[in-house]
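One structure is given here, and the rest of the page talks about it.
Values below: all heavy atoms of this structure, side chains included; hydrogens, waters and symmetry mates excluded.
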Amino acid sequence: MRPFLIITTLAVAWVALALGAMLTGTIETAAVPKGTRVPANIAIIGTAPGLLILRSDDPGYVRKLYQAGAAFVLPARRKTCLDLQR
């Protein structure tokens, strides 16, 4: 039962981050799945396994990513969301 609770907790946290990013749109650097169409004025600044790392000066760019079909938009640091690669 404990592994189920851990997996459920991680899934809920991931969804909460994605929804927060979508609703607030205040992420400076974001990660989206590879294959997401990137609108104009949003720069691809790096990649990670299965992810594109993006940045924009436009405060509403997170909404534009969702409108372009991004499955999720997560806050990113350096190369990955968790900054595992240094």
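- Residues Tyr66 and Thr36 form no side-chain contact, since every pair of their non-hydrogen atoms from C-beta on lies 4.5 Å or further apart.
- Checked against Val32 for a side-chain contact (heavy atoms from CB on, under 4.5 Å), the options Ile42, Ile44, Leu65 give a single hit: Leu65.
- For the atom pair CD of Gln67 and CZ of Arg37, the computed distance is 10.0 Å after rounding to the nearest 0.5 Å.
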(request) Would you please test Ile45 and Thr29 for side chain to side chain contact (heavy atoms under 4.5 Å, CB included) and show each step? (result) CA-CA 9 Å; Ile45 61 170; Thr29 305; 3.8 Å; yes
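- Across all non-hydrogen atoms, the minimal contact from Lys34 to Ala48 is CE-O, 3.5 Å.
- Residues Ile53 and Ala31 come closest through the heavy atom pair CD1-CB, 4.0 Å.
- The residue from Ile6, Val12, Thr8 that alone fulfils the side-chain contact (heavy atoms from CB on, under 4.5 Å) condition with Leu10 is Ile6.
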(request) Run the numbers on Asn41 and Asp58 for side chain to side chain contact (heavy atoms under 4.5 Å, CB included), then give the verdict. (result) CA-CA 8 Å; Asn41 299 327; Asp58 178 4; 5.5 Å; no
(message) For a side chain to side chain contact (heavy atoms under 4.5 Å, CB included) check, start with the C-alpha distance between Phe72 and Leu51, then their side-chain angles and the critical distance, and finish with the verdict.
(response) CA-CA 10 Å; Phe72 59 85; Leu51 298 172; 3.9 Å; yes
